[in-house]
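Scroll down for the structure; my scribbles are underneath it.
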Amino acid sequence: MPLRLVFMGTPEFAVPTLRVLHDEHKIVAVYTRAPKPAGRRGLEVQPTPVELAARQLGIRVTTPSTLKTPEAHDEFRAHNADAAVVVAYGMILPQAILEAPKFGCFNLHASLLPRWRGAAPINRAIMAGDAETGVMVMKMDVGLDTGDIALSESVPITDETTEVRLRSYLADAGARLMRQAMRALERGTLQVTPQASEGVTYAAKIEKGETRIDWNRPAREVLRHIHGLSPVPGAWCEMPLEGAPHRVKILLCEMASGCGEPGAVLDDRLTIACSQGALRILELQRAGKQAMNAEEFLRGTPLRPPPRLS
């Protein structure tokens, strides 16, 4: 028999998992974060991607502000769920919620635990220069991403990997992995293994102060920093344009030949010197403008040596 599932998620990353589980099981409720103000003036509210998908699928949606009250616990228990599936929900699940479903709560986490527990595992894996990352299905406990592991899939990280590309891949891979886990749970064959006690790292939320590019670092470190934040929130620097410094996001780059003072523009193809080596900027975005490739940018905004980026 199909499982009775509660689905708990918020961003676009969670939508593929919701859709594949809806095809095979009974989603009795979807929990997501409340709509937020949108637009320049914040006069409209924008439902989360998960809420929009759930309503398209005809699933009941609930947006509680807390899960800590007895009323919230009673409402959750009333779903009589076999399991809860949690994908980037954004709220801590208290013990009463974790214990409510018959088989427990299962989280899809975008790293190879115990590395990168926490809020920003995709960004941190790229920014740290990791050779690989992945997704894991974990049976949740009260700790921060400390539960036992059911299934995992790894993926390499290269110099071409950006956060948005990796997130898209892991969203689809994670949906397949969670489908596999719920099929095994339905058959009674799902097995879990405790996480390793060594190699624990934490993926703290990205802070604004981390987004400025430091050209005084080696080129590959700068590349990984840029790609780990692309396109949101975006790594940025200041360019001397039209006689004044302008803030510009760098969205895509590649390793290049050359050397010079960190931040120096080495040629008319946007090759920029770092403390060791150089990068070529491939895609960038001025504040308030659309993203564009370097060739388009340079046609309208020539930037040739000797300017420096800061």
Side-chain angles (χ1 to χ4, degrees), residues 1-36 45-110 119 135-151 171 174-192:
M1 294 290 292
L3 297 171
R4 289 178 57 86
L5 301 176
V6 171
F7 186 87
M8 311 177 81
T10 295
E12 187 64 37
F13 181 82
V15 172
T17 302
L18 172 61
R19 292 190 183 279
V20 300
L21 294 181
H22 175 264
D23 290 341
E24 298 189 3
H25 302 283
K26 175 66 175 178
I27 310 294
V28 295
V30 164
Y31 281 61
T32 189
R33 302 304 299 270
K36 292 184 177 181
V45 293
Q46 178 64 47
T48 70
V50 163
E51 179 172 351
L52 293 173
R55 296 200 181 282
Q56 290 174 355
L57 296 171
I59 307 171
R60 175 191 171 193
V61 176
T62 183
T63 59
S65 60
T66 180
L67 295 174
K68 297 179 180 180
T69 65
E71 294 77 13
H73 301 165
D74 290 342
E75 181 180 353
F76 196 89
R77 293 189 192 100
H79 298 308
N80 194 29
D82 293 311
V85 171
V86 183
V87 186
Y89 178 41
M91 291 179 68
I92 300 297
L93 273 57
Q95 187 70 41
I97 298 293
L98 294 172
E99 294 177 347
K102 180 179 178 180
F103 299 117
C105 300
F106 295 86
N107 175 246
L108 182 69
H109 186 75
V135 280
M136 285 185 158
V137 174
M138 170 187 64
K139 186 171 183 182
M140 299 176 71
D141 59 21
V142 292
L144 176 63
D145 299 325
T146 56
D148 294 345
I149 302 303
L151 296 171
R176 296 191 298 269
L177 205 65
M178 187 62 77
R179 177 174 57 190
Q180 183 180 345
M182 291 300 101
R183 285 175 175 176
L185 186 66
E186 183 182 2
R187 295 192 301 266
T189 60
L190 186 66
Q191 298 182 342
V192 297

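Please read these numbers as outputs of a predicted model, since none were measured by experiment.
Between the side chain of Asp82 and the backbone N or O of Arg4 there is at least one donor-acceptor pair closer than 3.5 Å. Here the side chain of His25 pairs no donor or acceptor atom with the backbone of Pro2 at under 3.5 angstrom.
Between Thr48 and Thr10, the side chains place no donor N or O within less than 3.5 Å of an acceptor N or O (distance only, hydrogens not considered).
When side chains are defined from C-beta on, Thr32 counts as touching Val61, because their heavy atoms get closer than 4.5 Å. Residues Leu67 and Leu93 are in side-chain contact: their nearest non-hydrogen atoms beyond the backbone lie under 4.5 Å apart. Side-chain contact between Leu18 and Leu57: present, with at least one pair of heavy atoms (C-beta onward) separated by less than 4.5 Å. Between Thr63 and Arg33, every side-chain heavy-atom pair lies at or beyond the 4.5 Å cut-off.
Annotation: Leu144, atom CG; neighbour count of heavy atoms from other residues, nucleotides and ligands within 6.0 Å is above 12.
Under the side chain to side chain contact (heavy atoms under 4.5 Å, CB included) criterion, Glu99 pairs with Gln95, sequence neighbours left out. The ring-ring contact (aromatic ring centres under 6.0 Å, His included) test applied to Tyr31 returns Phe76, His79, not counting sequence neighbours.
Separating the CG atom in Leu151 from the CZ atom in Arg176 is a distance of 13.0 Å, to the nearest 0.5 Å. To the nearest 0.5 Å, atoms NZ (Lys26) and CG (Leu21) are separated by 14.0 Å.
A salt bridge links Glu75 with Arg60: the distance from a Lys NZ or Arg NE/NH1/NH2 to an Asp or Glu carboxylate oxygen falls below 4.0 Å.
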For a side chain to side chain contact (heavy atoms under 4.5 Å, CB included) check, start with the C-alpha distance between Met178 and Val20, then their side-chain angles and the critical distance, and finish with the verdict. CA-CA 9 Å; Met178 187 62 77; Val20 300; 5.9 Å; no

